[in-house]
Amino acid sequence: MNSSPSDLAQASERAHALRQQLHHHAHRYYVLDAPEIPDATYDQMFAELQALEQRFASLRVPDSPTQRVGGPPLSEFASVRHAVPMLSIRTETDTTAEGALAFDARVRRELGWGEAPVEYVAELKFDGLAINLRYEAGTLVQAATRGDGELGEDVTQNIRTIGQIPLRIEGACSWPVLEVRGEVYIRRDDFEALNERQRLKIAQGARGEKTFVNPRNAAAGAVRQLDPAIAAQRPLSFFAYGIGAVQASAQAHLPQTHLQWLELLRSWGLPVAEQTRLALGAQELLAFYRQIGTQRDALPFDIDGVVYKVNRLDLQQQLGFVTREPRWAVAHKYPAQEQLTEVLGIDVQVGRTGKLTPVAKLAPVFVGGVTVTNATLHNEDEARRKDVRVGDTVVVRRAGDVIPEVVSVLIDRRKSASAVFSMPIHCPVCGSLAEREEGETDHRCTGGLFCPAQRKQALLHYAQRRAVEIEGLGDKLVDQLVDAGLIRHLPDLYRLGLSALAGLDRMGEKSACNLLAALEKSKQTTLARFIYGLGIRHVGEATAKELARHFGRLDDLMQASSEQLLEVADVGPVVARSIHTFFAQPHNREVVEQLRALGVHWPEGQPAATLGLPLSGKTLVITGILPSLDREQAKSCIEAAGGKVAGSVSRKTDYLLAGAEAGSKLSRALELGIPVIDEARLMEMINGRA
Ligand code: IVH
């Protein structure tokens, strides 16, 4: 392709910018162990620079990060020149399972093998850092990091602290030189424990301590720790995956394949991952990739892919290298589980149970194999802890089938003064009060019956057998009714007609009739079932029964204060508050009224507490001046005896308690033939001498 000079000028400018950024991030990552961006973002920038340099050879300057694999050795450690360079592996660009086929096709082409299947070793690609262990006459004499592949750092003191690494290999004591290569890493559980300890130190005011971003950075930090005593406290592990320089004893029978090497190392006490296996041909590589992919999240340590290696060493030799990468091996990664993206907004979603969840709306990003546009922030505390704000650049993670999550915010990239997130006071769906109960992490909408988000849940709850029981109204039908717009709120159930129902999918006239009959039947219920059916938070079946027994009448329950509710057996402050808030929502009261108006009824009884008392079920009206009691005292006496005091005389009045100067109430009572009593008579009645 011909390129114009302006193309080159543009590419040069871009390459310069990329190099600067990559240098910065490589330093953060390799030297400081404090990366600011996910690996995948770094890889993308790196790949873009590589592509530019490929296109314009003049851009490939010696100090480009593409020309130096790995980070620079730290000046504090002695430099080590590797006897055999530590190569890197080419990464298969195709991150679908078919990447395995592409690698196999290349190998067979380069070997000129046609269709004959090649034997491979399939391994895990550990996410730690590469180490070369040098044994002389069977004794560990040096351990070095990879560095740039030629020069590494001497970290022997730190590596010697890893229990899994033998300090002496008896089987190799007659070998002048044996170099074992592998990965130092930290297990996930060890990592969690390490960070927990770090948090404790920070909480205790220790200076210069920090928590680690991920196991790999913690491992890298430990290996490069200048004080081996501190390194020894870091829980490092090791897996061997290859060899470096070898000078075997004259008698030694050297392995002919890669797997034989690994088995020899394993027999000498070096840890080799149990997942390592032979794979014959491309299909078995593919199967390995898929199988490990499903197990990945359950492994006790992080991997970022798998590695395929041609098993026969003679074939490895025949295939050779391109630049610093062997043609006989490839790393096949899984789609990155972390990516950077921008927060476009923070929505609050309401779940079926009324739970409010803050959700970050993201600029679409491909992560963990899918395009992600939403990530949960779980609850108010989590959102505050991470301090996610609109406009922020964030790290999103999606591992396995887990819902996408915001891992962290890049505070440095926050542009302007943005507002701290706070939960709304009202449900964003129905406008009812949203509350967070003491000791709970979640906010909940209190508009249970009215809130569209909780509609289906509310209907199913109401219709279940132990509640009001509407036979045949299960979740499929509820879905249909709500989705078709036939039902918005509970009372709509009792407004359903035959024609509307018959229009539904898989609903014949017969089943429609059955449902209508079930609805009709459900109208006759009990107070306990009805209360339970309302789905008030914390009010289970037993509490509903207790409430029904205690209050006897729904209106009394609806009007009860928190204090009065507390008098009910089994009702504590949390339940009392929940009931009180429920009935304080005008929407909920409206729904109850409508249900009653539509014919839902139950036998209303006497409040349990007042049953059997002298004035149980009696309503009295007080008028005039009593000889010894004032109004309030008289009222208390009557209520204590189970009676009720009303303000005006009606046919429902049982007695008129009259004192001196009684007026219109007295004449009205006489008119209606209602018995009139005085204070003395009241006392007789109360004391049971009636
Ligand atoms: S073999 C010639 N095998 O991946 C091949 N490397 O770029 C030399 N890695 O940082 C490496 N797991 O530490 C090999 N099973 C495995 C590996 C592995 C992880 C790392 C290695 C290096 C990078 C290679």
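Positions are given from 1 along the sequence. Counting starts at 1 for both ligands and their atoms, in listed order. All values below come from the heavy atoms of this structure, side chains included, with hydrogens, waters and symmetry mates left out.
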query: Can you tell me the protein heavy atom closest to atom 12 (N) of ligand 1 and the distance?
result: F126 N, 3.1 Å
message: I'd like to know if the side chain of D104 pairs up with that of Y308 as donor and acceptor (distance under 3.5 Å, no hydrogens or angles considered).
response: no
field: Atom indices of ligand 1 within 4.0 angstrom of S88 heavy atoms, with elements
entry: 7 (O)
field: atom 20 (C) of ligand 1 - nearest protein heavy atom and its distance
entry: E183 OE1, 3.6 Å
message: Before you tell me yes or no, could you show the steps for R188 and E192 under salt bridge (charged side-chain N to carboxylate O under 4.0 Å, His left out), namely the whole-Å CA-CA distance, both residues' side-chain angles and the distance that decides it to 0.1 Å?
response: CA-CA 6 Å; R188 287 177 184 153; E192 294 306 329; over 6 Å; no
- prompt: Which residue supplies the protein heavy atom nearest to atom 21 (C) of ligand 1, what is that atom called, and how far is it?
  reply: Y241 OH, 3.1 Å
task: Answer side chain, backbone, both or neither: which part of K125 comes under 4.0 Å from ligand 1, heavy atoms only.
output: both
message: So is P326 touching ligand 1 or not, going by heavy atoms under 4.0 Å?
response: yes
- prompt: Looking at D127 and K125, does any basic side-chain N land under 4.0 Å from a carboxylate oxygen?
  reply: no
query: Going through the checks in order, is the salt bridge (charged side-chain N to carboxylate O under 4.0 Å, His left out) test met by R14 and E48?
result: CA-CA 9 Å; R14 178 71 186 143; E48 188 188 345; 2.7 Å; yes
Identity and distance of the protein heavy atom lying nearest atom 8 (C) of ligand 1: L87 O, 3.9 Å
task: Could you say whether the N/O atoms of I89 and ligand 1 ever approach to under 3.5 Å?
output: yes
message: Ring-plane angle category for F239 and F301, please: parallel below 30°, perpendicular beyond 60°, tilted otherwise.
response: perpendicular
message: My understanding is that only one of Q339, R216, Q44 makes a side chain to side chain donor-acceptor pair (under 3.5 Å) with D39; could you say which?
response: R216
- request: Starting from atom 15 (N) of ligand 1, locate the nearest protein heavy atom and write down its residue, its atom name and how far away it is, to 0.1 Å.
  value: E123 OE1, 2.7 Å
query: Does the pair K333 and D43 meet the rule for a salt bridge (charged side-chain N to carboxylate O under 4.0 Å, His left out), with working shown?
result: CA-CA 12 Å; K333 294 198 179 181; D43 292 348; 3.7 Å; yes
- prompt: To the nearest 0.1 Å, how far is atom 1 (S) of ligand 1 from its closest protein heavy atom, and which atom is that?
  reply: K309 NZ, 3.4 Å
- request: Determine whether the side chain, the backbone, both or neither of D127 has a heavy atom under 4.0 Å from any heavy atom of ligand 1.
  value: neither
field: Min N/O separation V307 to ligand 1 under 3.5 Å
entry: no
- line: Ranked by distance from atom 10 (O) of ligand 1, the top protein heavy atom is R146 NH1, 3.1 Å
query: For E209, does the CD atom sit with more than 12 other heavy atoms under 6.0 Å from it, leaving out its own atoms?
result: yes
query: For the residue pair W268 and W175, does the interplanar ring angle fall in the parallel (under 30°), tilted (30 to 60°) or perpendicular (over 60°) class?
result: perpendicular
